[in-house]
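If you're wondering where the values come from, they're calculated on a predicted model, not measured in any experiment.
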Amino acid sequence: MSSIEKNITMNSSKMYLYLVCLVAALGGFLFGFDTAVISGTISLVKGDFGLDAVSEGWFVSCALLGCIIGVSVSGKLSDAYGRKIVLILSAFLFLISALGCMYANSFTVLIVFRLIGGIGIGVASMVSPLYISEFSPSRLRGTMVSLYQLALTIGIVTAYFSNAYLANHAGDNFSGIQSDRIFSQEVWRAMLGLGGVPALIFLLCLFLVPESPRWLLSKGRTDLATRILIKIDGEQAAKKEVEAFLSQNESEADGSLKTLFKPVYRKALWIGLLLPFLSQVCGINAVIYYGPRILEQAGFTLNNALGGQVTIGLINVIFTFVAIFTVDRWGRKPLLYIGIGGAVLSLVIIGVLFQLGVISGPWILIFILAFIACFAFSFGPVCWVVIGEIFPNGIRGKAMSLATLTLWIGNFFVGQLTPLMLEGLGSAWTFWTFAICCSPALYLTWKLIPETKGRSLEEIDAHWQSTYTKEMK
């Protein structure tokens, strides 16, 4: 094969890899869109259905309950039936949810479809990064998994803009009683229903992508897995990947989650439980959910606060690209050190500004944006990269399900407690509390997380084996 033919083949393989991973990353887009779209609908739904405080909270949090259910079952389902079929299920559930919310004729029906959507989001939040991690060659795995976080941040910004656009055109006249009801009289229906568009695209595109080659290998379908790996990274790399997988000591990963509780995987377990949880209790979703309220407390008017929220979303997207371009060059640990350290410092300074009453001028917004930027190139994407790498092949789905569950638990606590903290502790101590909660991630990175840059998933598993053997001597 000539050098020109080799270059064409390599470019074709890379394009195929990017397209497949971008399809899988649409699960992150749905995750981000659903997280942010609710902010524009709360007051409208409350007015149309006459909700009290309890019902309002249930409308916001019911999807989170669905997410927890989805995450809880997704690991077992994806290990048993494959990553692709479970992603198809998640896209279908979100599509049904979007359409159901748009045409809901009662508050109870609306809650039911919000729960269904939450289950779909919970499934996608675990299986999408898992699929990308297993599909990508080791030298590009960090970049590919970071695409999931990028899609998530784009989903958040898209929801902000779509909500604003629909709200601004709610007074327009629409032909047809149903259209006028959805897009004018009860515009929250259009806001929630719009999520059906990316869900449908996600569903259709999933039928065009292959199954995870590592899942196929785990089921003994070596020939099909090899063909997919050749298409991704060439024949030589595919042969090496298959040999490494088949030579791995499968007795250490017998398919039971009990494997994860063996002493050899104890560090991986602690990383999987703590890193996703800490990525949420650092306060990122407090800013996403309650940004306008926080900025109003900092002296911004409502319109300026909403504009600041859009700016926060854009910064989140822009700085995710830093991770995409550096995570496979610099490594996981440097990004975590820099990003977490910068996030803690930003949170402390925000608290100081509130405490000193420095609320005139742009300073609080500047340091909130600094916090978002630090999260966007470290905690956000690198968390998904790491938890997709550190678990053994035989139980990766179940283990990632457990890790993602801790993320949603952290998300739940932040969502529920932030309003109470802002009222009871004040803005200064709220941000200082987030800084305190964020700080242990630096110790976790230093003490437990190994540098996985450039290592195959099998080499990372071998690292746990060799580390445990050395500790036992």
Side-chain angles (χ1 to χ4, degrees), residues 68 71-72 74-76 79 125-126 129-130 133 141-142 145 149 249 252-284 327 331-341 343-344 375 378-414 434-453 455 457-473:
I68 292 173
V71 169
S72 300
S74 59
K76 190 171 184 178
D79 280 347
S125 71
M126 191 286 287
L130 169 63
S133 181
R141 188 171 56 245
V145 177
Q149 179 68 17
N249 184 2
E252 292 294 336
D254 57 9
S256 170
L257 198 57
K258 293 178 181 177
T259 302
L260 196 58
F261 293 88
K262 293 181 178 180
V264 65
Y265 293 119
R266 189 168 293 152
K267 288 184 179 179
L269 175 62
W270 279 116
I271 295 167
L273 293 176
L274 291 176
L275 189 63
F277 181 79
L278 293 173
S279 75
Q280 297 303 297
V281 297
C282 73
I284 182 63
V327 68
R332 287 52 162 156
K333 289 170 75 83
L335 288 182
L336 286 174
Y337 281 132
I338 298 169
I340 295 169
V344 171
F375 180 91
S378 61
F379 245 161
V382 179
C383 173
W384 295 112
V385 174
V386 170
I387 66 172
E389 296 176 324
I390 58 175
F391 300 118
N393 284 312
I395 58 165
R396 186 170 293 114
K398 296 184 184 74
M400 270 200 72
S401 178
L402 185 63
T404 309
L405 182 61
T406 67
L407 182 144
W408 283 109
I409 291 172
N411 191 335
F412 174 80
F413 279 119
V414 169
F434 289 142
I436 292 169
C437 292
C438 185
S439 299
L442 286 169
Y443 179 82
L444 182 70
T445 302
W446 169 58
K447 200 69 176 176
L448 293 184
I449 298 177
E451 182 51 73
T452 54
K453 178 185 71 172
R455 295 183 179 184
L457 298 177
E458 290 71 31
E459 287 172 340
I460 296 168
D461 189 30
H463 164 81
W464 298 124
Q465 305 283 348
S466 62
T467 301
Y468 177 69
T469 301
K470 289 177 183 177
E471 290 175 350
M472 290 297 100
K473 289 183 179 179

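- The shortest distance between side-chain heavy atoms of Phe379 and Leu275 falls below 4.5 Å.
- Residue Phe391 holds its CZ atom at 7.0 Å from CG of Leu402, rounded to the nearest 0.5 Å.
- For Pro276 against Leu407, the heavy-atom pair with the smallest separation is CB-CB, 3.7 Å.
- Looking only at side-chain heavy atoms (C-beta outward), Pro129 and Gln149 stay at 4.5 Å or farther from each other.
- Using a distance-only test at 3.5 Å, with no hydrogens or angles considered, no donor-acceptor pair links the side chain of Ser133 to the main chain of Leu130.
- Nearest heavy atoms, Ile387 versus Met400: O-CG, 3.3 Å.
- Shortest non-hydrogen contact noted between Met126 and Ser74 is CE-OG, 3.3 Å.
- Side-chain atoms of Trp464 and Pro392, non-hydrogen and from C-beta on, never get closer than 4.5 Å to each other.
- Note that the OG1 atom of Thr404 and the CD1 atom of Ile68 stand 12.0 Å from one another [nearest 0.5 Å].
- When all heavy atoms of Ile449 and Lys333 are compared, the pair lying nearest together is O-NZ, 2.7 Å.
- In terms of heavy-atom proximity, Ala268 sits nearest to Ile390 at O-CD1, 3.4 Å.
- A distance of 7.5 Å separates OG in Ser279 from CH2 in Trp384, rounded to the nearest 0.5 Å.
- A distance of 13.0 Å separates CD1 in Ile271 from NZ in Lys447, rounded to the nearest 0.5 Å.
- In this structure, CZ on Arg266 lies 14.0 Å from OG1 on Thr467, to the nearest 0.5 angstrom.
- With a 6.0 Å radius and a threshold of 12 heavy atoms from other residues, nucleotides or ligands, Phe413 has its CZ atom at or below the threshold.
- The closest side-chain heavy-atom distance from Trp446 to Leu336 is not below 4.5 Å.
- Between the side chain of Thr406 and the backbone N or O of Ala403, at least one donor-acceptor pair lies under 3.5 Å.
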- Task: Would you sort out whether Arg141 and Val385 count as a side chain to side chain contact (heavy atoms under 4.5 Å, CB included), showing the intermediate values?
- Result: CA-CA 8 Å; Arg141 188 171 56 245; Val385 174; 5.6 Å; no
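- Here the options are Lys453, Arg332, Arg455, the test is salt bridge (Lys or Arg N to Asp or Glu O under 4.0 Å), and the partner is Glu389; only Arg332 passes.
- Contact between Leu442 and Gly341 at its shortest, heavy atoms only, is CD2-N, 3.9 Å.
- You'll find the side chain of Pro450 stays beyond 4.5 Å of the side chain of Lys267, heavy atoms only.
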Original post:
Do Asp461 and Tyr265 pass the side chain to side chain contact (heavy atoms under 4.5 Å, CB included) test, and can you show the C-alpha distance, the side-chain angles, and the key distance before you say yes or no?
Top reply: CA-CA 9 Å; Asp461 189 30; Tyr265 293 119; 2.6 Å; yes
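- With rounding to the nearest 0.5 angstrom, the CD1 atom of Ile338 is 6.5 Å from the CG atom of Leu335.
- Applying the side-chain hydrogen bond (donor to acceptor under 3.5 Å, both in side chains) test to residues at least two apart or on different chains, none of the pairs has a partner in residues 435-445.
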